[in-house]
Each structure stands twice: as C-alpha cells, then as structure tokens.
Amino acid sequence: MKKTIERFIRRARRVIVISHVAPDGDAIGSLLGLGRALRWLGKEYTLACADPVPKGFAYLPGSETIVQPPPSGWPKGKYDLVISLDCGDLKRLGTAYDESLAGLPIINIDHHVTNTHFGTVNWVDTEAASTAEMVLELVESLGIPLDADMALCLLHGIVTDTRGFRTPNTGPRTMRAALKLMEAGAKLAEITDRVFNRRPLSAICLWAKALNGVQLDGRIIWSQITRAMRRECAFSENGDAGLVSFLATADEADVAIVFAEKSDGRIEVGMRAVPGIDVSAVALDLGGGGHPQAAGCTLDGSLDEVREKVLAAVKGAMKGRIH
Ligand code: AMP
Ligand code: MN
Ligand code: MN
C-alpha cells in the first residue's frame, strides 16, 4: 500500500493535501508533516482545510500556510493529485473537496474504523492511534529525513489524538513513533503544555455554563452547549472545547455526550465510551463516524430533537454491550 502511495506521490507534480472539517490536532499535524515532506521532494503543493486552523494550533510551524478554499473553488486543472488525511469519508472534507478536483486520483490515508474507502488508493489502518504516525511511516519509507519542525507537527498529531498517550489504542507502535519524533527534535513537553495546560478563559466560561446543565441518564452523562452560551462567553470557535473527554471521566457513566450548537445552527454531537461499547457504530448510523471509543456526527434539528434521537440510539447500542 505504502509503495503504491509512494509511486503516486513521486509521479505527481502539483498536490493538494486536505484534512477534515473542524480540524483537530491530528488533522493539522498530519497536514503540516506531509507538507514538509512534499516540499523536500520538490513538489508544488497546497495544504487545505474547509475550516481555519484552531487558535491553539497556530504555534505549529507552517500553520499559516494552510488555506481555506476560495469562494469560487480551486482553480481548474491546477492539481494532479489529491491526498486526504485523517478523514473517514469524502463529505467530511467539506468544501475543500470540490468539483474541480473530481476525476483526480485520491490517496486516502486514515485510521477511522468508519472509513468508506472513497479513495483511488486507500491506506486505512485502524490499528494506528493517529494519522500522524501513518504519515511518519510514509515519510520514512520515502527516505525523507525528519527535521525538527516536521517532527513537532507529527508528534502534535499523536499527542492530541491519544490525549497524551492515554487512549486504549496507544501501543508500542505509537510510542516508537513518538520516540523517533523526539529524537528528531520534537519537544514533547512543549506540546503537552500547549495542548493540555493552556486554554482561553472563554473556554472555561463555556465549561462552567455547560457543566451547570450536566445530566446523568442511566450510565450516559450528557450536556449541551448553545449558541447563546458561546456568545455570552465570547467563545468564537465551534466545538466543545474538550468538554466531552472531561465528562467521560465520571465514574457513574459509561458513555459521555456533548451536544454543541454550531454557528450554522446544526448540532455537533461528540461521544466517548468505555471499552465494550462502540459509539462509532452509532455515529455511522447517524451519518457521522469515528473510533469505537470516540466518535461524532453533525445533525440537523433542534437541540431537543437531536438529543432524543442520539440518546435513544446510544441506549440501543448499550443493550448489546459485551461485558
Ligand atoms: P470529537 O468528539 O470531535 O473529538 O471526535 C471524536 C471522533 O469522532 C474523531 O475521530 C472524529 O473524526 C469523529 N467525528 C467527530 N465528529 C464527526 C462528524 N461530524 N462526522 C464524522 N466523524 C466525526
Ligand atoms: Mn481528526
Ligand atoms: Mn485522527
């Protein structure tokens, strides 16, 4: 698989690399890591994402080179290869994948169990804890030397997706990748400090409001974030500011869910589950995706409607729980 991907990359001249909407640390880290590899190979390339880079990731070298698609779409005929990173389905590339790219070969590099294999070449490794560690393996197999900046971006991807090496899919392979990246100059302490020890006051304000409304329904803990809360806290980004992972720490719960109203009125649903319960199946049924222990989807409807629908689906999935 890697060899086929290598061939496509070596032959390509102008590459567009895209990661998913509402990018997380793995999406951005993988994008920047692969971008540096393409630069080393002397390729012309664009790093793209439908949504802007979250402010907390702006410290990554090259983050300012990630572009959003122009309103009129990408120039026709500009690219000859599309690489999709950390993205389970084509729809999740959002407006960054437009009709000007249709017909081009797509290399799909990802680690979600819900991946739809939408690419021309699909390298979907569900054992990988992050797409960033897959990008590292590709970079190595291309014979590209690691530099400290590339290593920082890729380690940032690993650290964010494993929540600091704490997820159950963190294994020797992940640790080996992290070791190599640290040896190449990536500063683990800098990443963990930025990712886990810093947040804007507006996020704390949002947590305060959302925590106030936390509910426990059987072994499901849930809360919601409204547009009014975002406004009152001057929290300008979408997303849940990491709240769902915090709710998942409740002893009394096996599943944590945050329903977050986005600026466009749609509801982003973030879910976490203990091993033995698969929330990626629930998310997939609802048009989203993810991993067994961390998944999500975006739904139309009011907060109340979406909540009832998702809670019913999660309760259904919990009935089939393997003890
Ligand atoms: P999050 O709760 O945003 O941290 O997302 C957890 C996991 O679910 C990530 O691996 C995402 O790729 C996936 N995910 C989250 N939201 C969606 C969505 N709307 N559609 C597909 N996958 C999603
Ligand atoms: Mn991601
Ligand atoms: Mn990922």
Side-chain angles (χ1 to χ4, degrees), residues 18-34 49-51 53-54 56-57 84-94 96 108-116 118 123-136 153-164 166-170 174 177 195 210 222-225 237-248 255-262 264 266-273 278-300 306 310 314:
I18 314 176
S19 67
H20 62 77
V21 295
D24 52 23
D26 192 24
I28 298 299
S30 299
L31 204 55
L32 293 173
L34 187 59
C49 188
D51 294 313
V53 176
F57 302 161
S84 166
L85 293 177
D86 196 43
C87 186
D89 60 86
L90 209 48
K91 211 179 64 213
R92 207 160 149 70
L93 293 177
N108 168 16
I109 303 176
D110 184 39
H111 67 129
H112 291 90
V113 274
T114 52
N115 194 288
T116 58
F118 56 87
W123 182 25
V124 179
D125 185 346
T126 56
E127 310 261 286
S130 62
T131 299
E133 66 200 64
M134 298 174 70
V135 171
L136 171 63
C153 296
L154 293 177
L155 189 58
H156 174 93
I158 294 176
V159 168
T160 50
D161 251 27
T162 61
R163 297 196 297 110
R166 288 180 298 167
T167 54
N169 57 2
T170 304
T174 309
V195 171
W222 63 267
S223 184
Q224 53 193 33
I225 292 171
E237 295 182 355
N238 282 319
D240 73 346
L243 180 63
V244 70
S245 297
F246 178 67
L247 293 189
V255 174
I257 314 176
V258 171
F259 303 95
E261 205 179 1
K262 294 173 59 190
D264 64 5
R266 303 189 79 208
I267 312 298
E268 178 92 51
V269 183
M271 297 182 276
R272 298 289 181 272
D278 180 1
V279 281
S280 73
V282 175
L284 188 65
D285 271 352
L286 297 170
H291 309 286
Q293 268 57 69
C297 55
T298 308
L299 299 177
D300 289 316
V306 168
V310 172
V314 169

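Every number for a ligand or one of its atoms is a count from 1 in the order of the listing.
- Within the 4.0 Å heavy-atom cutoff, Ala294 counts among the residues contacting ligand 1.
- Considering backbone and side-chain atoms alike, His291 places an N or O below 3.5 Å from some N or O of ligand 1.
- Distance screen at 4.0 Å: atom 3 (O) of ligand 1 has no protein heavy-atom neighbour inside the cut-off.
- The Mn ion (ligand 3) lies under 2.8 Å from an N, O or S atom belonging to Asp26.
- Of the candidates Arg266, Glu268, Met271, Arg272, Arg272 brings a heavy atom nearest to atom 6 (C) of ligand 1.
- For residue Asp86, an N/O/S atom approaches the Mn ion (ligand 3) to within less than 2.8 Å.
- Some N or O of Gly296 is nearer than 3.5 Å to an N or O of ligand 1, by distance alone.
- Under the 30°/60° scheme for interplanar angles, the aromatic rings of His20 and His112 are found to stand perpendicular.
- Under the 3.5 Å distance criterion, the side-chain polar atoms of Ser223 are matched with a main-chain donor or acceptor of Ala210.
- Close N/O approach between Gly288 and ligand 1 is not found [any backbone or side-chain N/O within under 3.5 Å].
- Between His112 and ligand 1, at least one N/O pair is under 3.5 Å apart.
- Inclusion of Asp24 in the first shell of the Mn ion (ligand 2) is supported: an N, O or S atom falls under 2.8 Å.
- Side-chain atoms of Asn169 and His111 include no donor-acceptor pair closer than 3.5 Å.
- Distances from the Mn ion (ligand 3) show that His111 has an N/O/S atom below 2.8 Å.
- Using a cut-off of 2.8 Å, one finds that His20 contributes an N/O/S atom close to the Mn ion (ligand 2).
- Asp161 has its closest N, O or S atom to the Mn ion (ligand 3) at the position named OD2.
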